[in-house]
Peer 1: 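Quick one: the structure is below, questions incoming.
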Number of protein chains: 2
Amino acid sequence: MIQKLISKIKVTNAPIVVGLDPMLNYIPEHIQKKAFAEYGETLEGAAEAIWQFNKEIVDHVYDLIPAVKPQIAMYEQFGVPGVAAYKKTVDYCKSKDLVVIGDVKRGDIGSTSAAYAVGHLGRVQVGNTRLSPFDEDFATVNPYLGSDGIKPFLDVCREEKKGIFILVKTSNPSSGEFQDRLVDGRPLYELVGEKVAEWGASCMGDDYSYVGAVVGATYPEMGKVLRKVMPKSFILVPGYGAQGGKGADLVHFFNEDGLGAIVNSSRGIIAAYKQEAYASFGPEKFGEASRAAVKDMVTDISQALAARG
Amino acid sequence: MIQKLISKIKVTNAPIVVGLDPMLNYIPEHIQKKAFAEYGETLEGAAEAIWQFNKEIVDHVYDLIPAVKPQIAMYEQFGVPGVAAYKKTVDYCKSKDLVVIGDVKRGDIGSTSAAYAVGHLGRVQVGNTRLSPFDEDFATVNPYLGSDGIKPFLDVCREEKKGIFILVKTSNPSSGEFQDRLVDGRPLYELVGEKVAEWGASCMGDDYSYVGAVVGATYPEMGKVLRKVMPKSFILVPGYGAQGGKGADLVHFFNEDGLGAIVNSSRGIIAAYKQEAYASFGPEKFGEASRAAVKDMVTDISQALAARG
């Protein structure tokens with residue numbers, strides 16, 4: 001799947017991923033109204049609204065981008081119907097040939113970690129049948145529990161040719177509370193980065209590993225260091241746009257080959273119609289606003305990469 | 001909810017929690033067969049099997065224990081139908097007046113963390129209606145992302161009088177890879193424990209905080225230290241039984257008042273009929289085997305607490 005991600009990045013010339021994190025307050029009123037008219041103000045109604053919203057955005061951007069990253073929390077908050085909308089979104093994006101990164105940030109140990117791994121990336125045994133429950137292409141994973149939490153994912157990645165992105169340095173203001181603490185003179189996130197490189201060595205594609213890392217756009221200097229610590233790992237970079245990261249901050253997340261990073265924007269794309277720059281589209285044409293925002297993001301990042309020479 | 005947990009511990013005289021982590025290979029054949037006959041070897045069939053298995057165990061133990069801890073990974077591995085079985089299990093346990101600790105180990109930032117918090121412990125706004133999606137009483141949370149990941153949970157805990165258990169020192173062999181690394185001469189888990197105490201101070205019940213910690217039974221010496229670092233926090237202790245922890249290892253997790261800890265056993269209880277000690281019950285009477293195993297666990301822990309004098 002890392003090969004598919006790379007080939008799609010090359011074809012689209014867009015090392016970006018659109019975060020499908022549908023908060024209800026991003027969703028235009030006409031979509032909410034229609035969903036509530038059909039299902040009431042229920043969890044089913046909310047799930048229908050986010051599904052219709054996602055579908056229209058995907059229909060407007062799928063040909064421009066290699067991948068999407070649905071954030072499962074935004075679905076899980078609507079209970080079982082929300083989780084069903086997550087699955088519907090994953091399936092729809094795959095039918096559009098998009099690479100799907102499930103932003104699930106799961107992390108547990110042993111058989112429990114294995115359950116998450118087969119549930120999201122692999123196949124689960126039911127009687128004599130093997131079934132693919134959520135079937136994303138990649139998943140994000142939390143490293144706090146150590147190798148016991150990661151290894152079951154590596155086993156599934158090798159078997160299914162799928163991948164993971166391990167949280168190394170997150171984009172939020174308080175990420176330093178634990179991640180930046182010095183261990184033998186070096187920050188914890190560097191140690192985690194070294195483990196990512198080690199785990200990744202056992203799951204290699206042609207040039208890059210199936211095992212990537214999450215490093216926030218909001219910490220470009222740390223990204224520069226981590227790029228060298230994990231040369232064979234793709235870095236999934238959140239924090240572009242709404243969280244403050246800019247194209248010029250991102251160049252050091254990429255390798256010399258122009259690959260090795262994929263930059264996520266969520267709100268900046270899916271709620272583009274709410275921004276001044278795209279307000280002229282209006283809420284009815286929110287999908288077109290998202291398409292314009294994707295094009296602008298691709299230009300911003302391409303120019304920054306070109307400018308580094 | 002911490003008050004309810006404490007009062008139920010006092011009434012049952014059992015500081016224990018039964019982990020409802022239903023792997024299919026724990027489930028007696030007659031239950032699997034019946035579920036597959038009705039739903040086929042499908043995700044729905046697996047979900048029906050784990051639900052029927054859970055129900056029978058809960059029916060046999062609910063009067064002996066204060067709380068249950070369903071591990072959501074074991075449900076999520078069966079996709080959307082599995083998550084529906086998780087919700088059914090949560091609701092059923094609450095109808096039996098059990099405190100439900102959702103072992104979800106979620107952890108994210110900002111609005112995403114808030115989505116997990118309202119989804120599992122709070123209420124989500126849909127139009128003019130507020131709905132309770134999963135509605136567990138407690139949830140487990142991963143601290144790697146720092147305060148930004150925890151604070152949205154604290155807000156919900158205060159509003160709903162619910163609680164969280166934050167991973168501090170996990171029970172698995174590799175938990176030390178990051179958690180034990182020394183920061184200014186002290187292990188990282190101690191720093192996390194200090195933050196738990198700090199976060200917990202803003203969410204106090206009568207004597208204990210709504211904010212607890214997870215510390216593995218397999219690390220009793222660390223439990224002793226952490227008990228003092230977080231005197232007002234309940235410690236949820238996994239790793240008893242199958243993972244190797246014994247009653248005598250657990251006494252230092254408790255405060256002098258005999259409270260402050262709740263010990264989890266999963267496999268040791270729910271798959272008791274597969275152990276030699278309870279094999280005479282046979283797979284048909286697996287619920288009775290679980291009941292016997294709960295009684296033995298309560299005795300083991302009570303004796304250990306009495307022996308410390």
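Lettering of chains follows the sequences in order, A, B, ..., and the numbering in each one begins at 1. Computed from a predicted model, the values in this text were never measured in an experiment.
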Peer 1: So which of A:Val118, A:Asp108, A:Leu167 has the largest heavy-atom pair count under 4.5 angstrom toward chain B?
Peer 2: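 The candidate making the most pairs under 4.5 Å is A:Asp108.
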Peer 1: Non-hydrogen atoms of chain B under 4.5 Å away: do they reach the side chain of A:Lys33, the backbone, both or neither?
Peer 2: neither
Peer 1: Top residue by heavy-atom pair count (under 4.5 Å) with chain B, among A:Lys87, A:Met23, A:Glu177?
Peer 2: A:Glu177
Peer 1: Just give me the residue among A:Leu131, A:Leu191, A:Val183, A:Asp148 that pairs up with chain B most often, heavy atom to heavy atom, under 4.5 Å.
Peer 2: A:Asp148
Peer 1: May I ask you to name which of B:Met74, B:Lys195, B:Gln179, B:Gln32 has the most heavy-atom pairs under 4.5 Å with chain A?
Peer 2: B:Gln179
Peer 1: Would you please test B:Tyr86 and B:Glu136 for side-chain hydrogen bond (donor to acceptor under 3.5 Å, both in side chains) and show each step?
Peer 2: CA-CA 10 Å; B:Tyr86 174 83; B:Glu136 302 98 319; 2.5 Å; yes
Peer 1: Run the ring-centre check on A:Phe53 versus A:Tyr26 and record whether the distance is less than 6.0 Å.
Peer 2: no
Peer 1: For B:Leu182, is it the side chain, the backbone, both or neither that has a heavy atom under 4.5 Å from a heavy atom of chain A?
Peer 2: backbone
Peer 1: Side chains of B:Gln77 and A:His120: donor-acceptor distance under 3.5 Å anywhere?
Peer 2: no
Peer 1: Where on A:Val104 is there a heavy atom nearer than 4.5 Å to chain B: the side chain, the backbone, both, or neither?
Peer 2: backbone
Peer 1: Ring centroid separation for A:Phe153 and A:Trp199, is it under 6.0 angstrom?
Peer 2: no
Peer 1: Which region of A:Phe36, side chain (C-beta onward) or backbone (N, CA, C, O), has a non-hydrogen atom less than 4.5 Å from a non-hydrogen atom of chain B, or is it both or neither?
Peer 2: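 A:Phe36 touches chain B through side-chain heavy atoms alone.
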Peer 1: Pick one of side chain, backbone, both or neither for A:Ser111, based on which atoms fall under 4.5 Å of a heavy atom in chain B.
Peer 2: both
Peer 1: Using non-hydrogen atoms and a 4.5 Å limit, figure out which bit of A:Leu43 sits close to chain B: side chain, backbone, both or neither.
Peer 2: both
Peer 1: So, taking the atom named CG in B:Leu236 and the one named CZ in B:Phe138, what distance separates them when rounded to the nearest 0.5 Å?
Peer 2: 9.5 Å
Peer 1: Kindly indicate, with the supporting measurements, whether the criterion salt bridge (charged side-chain N to carboxylate O under 4.0 Å, His left out) is fulfilled by A:Asp180 and A:Arg186.
Peer 2: CA-CA 8 Å; A:Asp180 293 3; A:Arg186 296 164 60 218; over 6 Å; no
Peer 1: Examine whether an atom of A:Val83 lies under 4.5 Å from a heavy atom of chain B, and if so say whether it belongs to the side chain, the backbone or both; otherwise answer neither.
Peer 2: both
Peer 1: Pick one of side chain, backbone, both or neither for B:Val124, based on which atoms fall under 4.5 Å of a heavy atom in chain A.
Peer 2: side chain
Peer 1: What distance do B:Arg106 atom CZ and B:Asn142 atom CG have between them, rounded to the nearest 0.5 Å?
Peer 2: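 The distance works out to 11.0 Å.
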Peer 1: If you measure only the distance, is there a donor-acceptor pair under 3.5 Å linking the side chains of B:Thr140 and B:Asp103?
Peer 2: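 There is such a pair (donor and acceptor under 3.5 Å, judged by atom type) between the side chains of B:Thr140 and B:Asp103.
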Peer 1: Under 4.5 Å heavy-atom distance to chain B, tell me which part of A:Thr170 shows up: side chain, backbone, both or neither.
Peer 2: side chain
Peer 1: OG/A:Ser175 to OH/A:Tyr189 distance, rounded to the nearest 0.5 angstrom?
Peer 2: 9.0 Å
Peer 1: Find the distance between CG (A:Leu20) and SG (A:Cys93) and round it off to the nearest 0.5 Å.
Peer 2: 5.5 Å
Peer 1: Nearest 0.5 Å please: distance from the NZ atom of A:Lys169 over to the CG atom of A:Leu188.
Peer 2: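 Separation between the atoms: 10.0 Å.
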Peer 1: For chain A, which of B:Thr42, B:Asp135, B:Asp184, B:Leu24 has the most heavy-atom pairs under 4.5 Å?
Peer 2: B:Thr42
Peer 1: Would you mind telling me which of B:Ser147, B:Ala114, B:Pro173, B:Ala84 has the largest number of heavy-atom pairs within less than 4.5 Å of chain A?
Peer 2: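 With the most close heavy-atom pairs to chain A, the winner is B:Ser147.
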Peer 1: Relative to chain A, which of B:Gly45, B:Pro81, B:Pro133, B:Ser174 shows the most heavy atom pairs under 4.5 Å?
Peer 2: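 Option with the greatest count: B:Ser174.
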Peer 1: Most heavy-atom pairs under 4.5 angstrom with chain B, which of A:Val80, A:Ile72, A:Asp21?
Peer 2: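 Looking at each of A:Val80, A:Ile72, A:Asp21 in turn, A:Val80 comes out on top.
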Peer 1: Between A:Leu145 and chain B, which part of the residue has a heavy atom less than 4.5 Å away: side chain, backbone, both or neither?
Peer 2: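 Both parts, backbone and side chain.
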Peer 1: Can you confirm whether A:Lys151 is buried at NZ, in the sense that more than 12 heavy atoms of other residues, nucleotides or ligands lie under 6.0 Å from that atom?
Peer 2: no
Peer 1: Below 4.5 Å, heavy-atom pairs only: which of B:Gly110, B:Pro143, B:Ala46, B:Ala49 has the largest tally toward chain A?
Peer 2: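 The candidate making the most pairs under 4.5 Å is B:Pro143.
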Peer 1: Does a donor on one side chain sit under 3.5 Å from an acceptor on the other, for B:Asp91 and B:Thr89?
Peer 2: no
Peer 1: Checking A:Glu76 against chain B: side chain, backbone, both or neither under 4.5 Å from a heavy atom?
Peer 2: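 Both parts, heavy atoms under 4.5 Å.
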Peer 1: Side chain, backbone, both or neither: which part of A:Asn25 has a non-hydrogen atom closer than 4.5 Å to chain B?
Peer 2: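 Contact with chain B is absent: no heavy atom of A:Asn25 under 4.5 Å.
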Peer 1: Considering only heavy atoms, which portion of A:Val168 lies under 4.5 Å from any heavy atom of chain B: side chain, backbone, both, or neither?
Peer 2: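 Contact with chain B is through the backbone of A:Val168 alone.
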Peer 1: To the nearest 0.5 Å, what is the distance between CD1 (A:Ile50) and CD1 (A:Ile270)?
Peer 2: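 Reported value, rounded in 0.5 Å steps: 10.0 Å.
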Peer 1: Counting heavy-atom pairs under 4.5 Å to chain A, which of B:Phe178, B:Tyr144, B:Tyr75 comes out on top?
Peer 2: B:Tyr144
